[in-house]
Amino acid sequence: MNQFQAIQPSILLTPYIKQYWFLMLENMPHTSQRIVPTGNCGIFFLIHGNAMYSSSHRDLSPQSYLYGQQNLSTQINFSGKVKLVAIIFQPTGAMSFFRTPASEFIHRKIAIDSLNDPQLMELEKRLIDSPDLQKSVYWIEQFLVKRFYQCDDYKTKRLSEAINLINQGKSLISELASSVCLCPKQFNRIFTESIGTSPKEFTRIIRFQKTLYQLQRYSQTTLSQLAETNGYYDKSHLIKEFKEFSAYAPHEFRAICDPYSEYHSLFRSTFIDCL
């Protein structure tokens with residue numbers, strides 16, 4: 001039986017963690033899925049199954065890896081039995097648990113066995129040995145709570161305020177910088193180091209995600225309406241950026257992809273399931 005579950009973190013971890021994902025596939029034929037940028041970093045643990053091939057990196061993904069911000073889509077290929085566990089960080093979350101600046105992870109998938117991180121390696125072992133989902137969540141949260149000593153709450157709250165404004169549609173760097181009492185140059189540097197991509201690129205990704213959501217959910221909305229609602233110059237600008245981030249034109253996406261699902265909201269904002 002194929003199954004996907006998205007589990008919310010405990011209240012303590014909610015400011016740092018978006019969701020935990022558990023994906024189980026049984027006897028899948030050769031299958032491809034497209035991953036699109038979301039503005040989130042994460043850790044993937046492939047507990048069972050063969051390594052997945054990534055079209056953008058043109059190689060097999062590591063068995064378990066930390067992935068940074070992405071600004072292009074990629075096609076992944078897999079088959080057979082697959083069990084995948086993922087930790088999806090809030091945009092400011094990764095910087096709270098790793099000493100390395102998030103900017104060093106951009107466009108990369110870094111095998112966890114290359115990070116010289118015994119705690120992360122121990123978590124991978126525990127997830128492999130875990131008998132059920134509840135125990136897996138327990139070990140994930142034990143790992144995360146132990147690393148709270150690395151958190152810089154002041155920086156997290158400051159950048160979270162800027163991200164809230166971006167989610168509301170604000171995009172001018174000068175306004176975002178002013179909202180957190182930084183000059184634009186400082187803001188750009190701190191944001192990029194901590195989030196893993198520049199504020200300008202991040203605002204483009206969030207705008208694309210909003211457009212993706214609306215395109216799936218409101219099928220009667222025209223592209224001109226979507227462009228005006230989401231701050232694109234015009235319909236042509238929307239189409240150009242949509243193709244850049246998803247590899248589909250909006251009309252192609254509507255024709256071949258399943259409609260929006262509330263339950264799979266974050267999962268589907270990352271993995272485009274095509275018919």
Side-chain angles (χ1 to χ4, degrees), residues 6 18-19 33-42 56 68-75 88-93 102 106-107 159-180 184 187-188 191-192 194-275:
K18 190 86 171 179
Q19 281 183 332
Q33 278 193 305
R34 183 164 295 279
I35 303 177
V36 298
T38 63
N40 302 92
C41 301
S56 64
Q69 293 280 0
Q70 307 290 319
N71 66 358
L72 296 173
S73 67
T74 185
Q75 194 90 357
I88 311 300
F89 294 109
Q90 299 282 11
T92 58
I106 189 168
H107 306 153
L159 290 175
S160 293
E161 175 61 25
I163 288 170
N164 287 337
L165 292 174
I166 292 170
N167 287 330
Q168 293 169 26
K170 304 293 184 183
S171 60
L172 286 178
I173 303 304
S174 58
E175 290 184 7
L176 295 171
S178 178
S179 72
V180 294
F187 175 69
N188 190 78
F191 192 101
T192 302
S194 304
I195 308 303
T197 190
S198 71
K200 180 179 179 181
E201 194 69 12
F202 186 83
T203 58
R204 292 178 66 226
I205 291 170
I206 297 303
R207 180 170 60 183
F208 160 73
Q209 279 290 324
K210 286 182 179 179
T211 305
L212 179 65
Y213 167 85
Q214 293 164 8
L215 189 73
Q216 289 177 290
R217 185 156 191 179
Y218 307 113
S219 59
Q220 301 305 312
T221 304
T222 68
L223 295 185
S224 294
Q225 289 171 327
L226 283 175
E228 182 178 358
T229 299
N230 292 299
Y232 293 97
Y233 297 128
D234 52 27
K235 182 174 72 173
S236 297
H237 183 209
L238 183 155
I239 293 170
K240 178 177 180 293
E241 291 217 341
F242 200 93
K243 289 181 72 173
E244 180 179 340
F245 287 130
S246 73
Y248 293 112
H251 71 277
E252 294 173 325
F253 178 86
R254 274 180 167 160
I256 65 176
C257 293
D258 294 334
Y260 179 82
S261 162
E262 287 284 358
Y263 176 71
H264 292 88
S265 58
L266 182 62
F267 180 76
R268 289 185 50 74
S269 71
T270 304
F271 295 89
I272 298 180
D273 297 320
C274 296
L275 299 172

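Please read these numbers as outputs of a predicted model, since none were measured by experiment.
Closest approach of Glu244 to Leu72, counting heavy atoms only: O-CD2, 3.8 Å. Taking both residues in full, the closest heavy atoms of Ile163 and Pro91 are given as CD1-CB, 3.5 Å, listed atom of the first, atom of the second, then distance. Nearest heavy-atom pair across Leu215 and Phe253 is CD2-CD2, 3.4 Å. Contact detail for Thr221 and Arg254: the closest heavy-atom pair is O-NH2, 2.7 Å. Heavy atoms only, all atoms of each residue included: Gly196 and Ile106 are closest at O-CD1, 3.1 Å. Nearest approach of Tyr232 to Leu238, heavy atoms of both residues: CD2-CA, 3.7 Å.
Looking at Thr211, Leu223, Leu212 one by one, the single match for side chain to side chain contact (heavy atoms under 4.5 Å, CB included) with Pro250 turns out to be Leu223.
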For Ile206 and Asn167: C-alpha separation, side-chain torsions, deciding distance, then whether side-chain contact (heavy atoms from CB on, under 4.5 Å) applies. CA-CA 7 Å; Ile206 297 303; Asn167 287 330; 3.4 Å; yes
So Leu165 and Glu175, side-chain contact (heavy atoms from CB on, under 4.5 Å) or not? Walk me through it. CA-CA 9 Å; Leu165 292 174; Glu175 290 184 7; over 6 Å; no
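In this structure, Phe208 and Val36 have side chains that are in contact, with non-hydrogen atoms separated by less than 4.5 Å. By the 4.5 Å heavy-atom criterion applied to side chains, Asp234 and Ser224 are not counted as neighbours.
Aromatic rings from Phe242 and Tyr248 are positioned such that their centres are separated by 6.0 Å or more.
Between Tyr233 and His237, the ring planes are parallel. Angles under 30° get that label, and only those over 60° would be called perpendicular.
Looking at Glu201, its side chain never comes within 3.5 Å of a backbone N or O of Ser198 through a donor-acceptor pair. When atom types are taken as modelled, the side chain of Glu241 and the backbone of Ile239 share no donor-acceptor pair closer than 3.5 angstrom. Within the 3.5 Å criterion, the main-chain N or O of Pro37 finds a donor-acceptor partner in the side chain of Gln209. Although no hydrogens or angles enter the test, the distance criterion places a donor-acceptor pair under 3.5 Å between the side chain of Gln69 and the main chain of Ile195. Here the side chain of Lys170 pairs no donor or acceptor atom with the backbone of Asn164 at under 3.5 angstrom. A distance-only check finds no donor-acceptor pair linking the side chain of Thr229 to the backbone of Leu226 [under 3.5 Å]. With hydrogens and angles ignored, the 3.5 Å screen pairs no side-chain donor or acceptor of Ser178 with any backbone N or O of Ser174.
Taken from CZ in Phe187 to CG in Leu176, the straight-line distance is 4.5 Å, to the nearest 0.5 Å. Interatomic distance, CD1 of Ile166 versus CZ of Arg207, reported as 12.0 Å (0.5 Å rounding). Interatomic distance, Gln19 CD to Ile88 CD1, rounded to the nearest 0.5 Å: 8.0 Å. The distance from the OH atom of Tyr213 to the CG atom of Asn230 is 12.0 Å, given to the nearest 0.5 Å. One distance of note links CD of Gln214 with CD of Gln225; it measures 10.5 Å at 0.5 Å rounding.
For Lys210, the NZ atom is densely surrounded, since the number of other residues' heavy atoms within 6.0 Å is greater than 12. Annotation: Glu228, atom CD; neighbour count of heavy atoms from other residues, nucleotides and ligands within 6.0 Å does not exceed 12.
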